[in-house]
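First up is the structure itself, then whatever we jot down about it.
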Amino acid sequence: MTGPAGAGATATEKAAAPLPVPDRLTEPFWEHARAGRLAFQHCDSCRAYQHPPGPVCRACYARDLTFQPVSGRGRVYTYTVTHHRVVPGFDEAPYAVALVEMEEQEGLRMLANIRELPPSGVHVGLEVEVLFEALPNGLALPQFRPRR
Ligand code: ZN
């Protein structure tokens, strides 16, 4: 039998943000991140990078893909600022979510938060660099901050 005291205790616990779960395709991405490197899938046939990872190259359909470290530098391609706390575990609103285009290749973009800058300071074209945040499951999450 569950009483009101139990329900109250559950309601006051802070929800944790969901954690990444590496799979066969994404495992190398997370292993590089854990080592402090941002790496993307690279096609050894046409030399295109792609993200997120896939089973074949999206440019030429080759299967010879390897993960190659990149500079970690890019620019904000577009962004949004979340003001409402609607997703459990993401309680630090407002925060900026940006699509960052990497300097290595036009169209090579990844989604991340912008750290070390108030959301009001984020703008399209902002030069950023990667940083890594330790996660409770031992992984490291690539995020971005203004370039130093
Ligand atoms: Zn290719």
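In listed order, ligands and their atoms are each counted from 1. Fair warning: this is a prediction, and the values are worked out from it, not measured in the lab.
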### Query
Is it the case that one hydrophobic cluster holds both Phe132 and Leu135, taking links as side-chain heavy atoms less than 4.5 Å apart, direct or via other members?
yes

### Query
Hey, does His32 have a side-chain heavy atom less than 4.5 Å from the side chain of Pro69?
yes

### Basic-acidic side-chain contact under 4.0 Å: Glu101, Arg109
yes

#### Entry: Qualifying residues under salt bridge (Lys or Arg N to Asp or Glu O under 4.0 Å), relative to Arg47, sequence neighbours excluded
none

### Under 2.8 Å from the Zn ion (ligand 1) - protein N/O/S, by chain and number
Cys43 SG, Cys46 SG, Cys57 SG, Cys60 SG

### Query
Which is it for Asp44 and Leu65 under the side chain to side chain contact (heavy atoms under 4.5 Å, CB included) test, yes or no, and what are the steps along the way?
CA-CA 6 Å; Asp44 297 330; Leu65 300 164; over 6 Å; no

#### Entry: Test side chain to side chain contact (heavy atoms under 4.5 Å, CB included) applied to Leu139 and Leu19, step by step
CA-CA 9 Å; Leu139 296 178; Leu19 297 170; over 6 Å; no

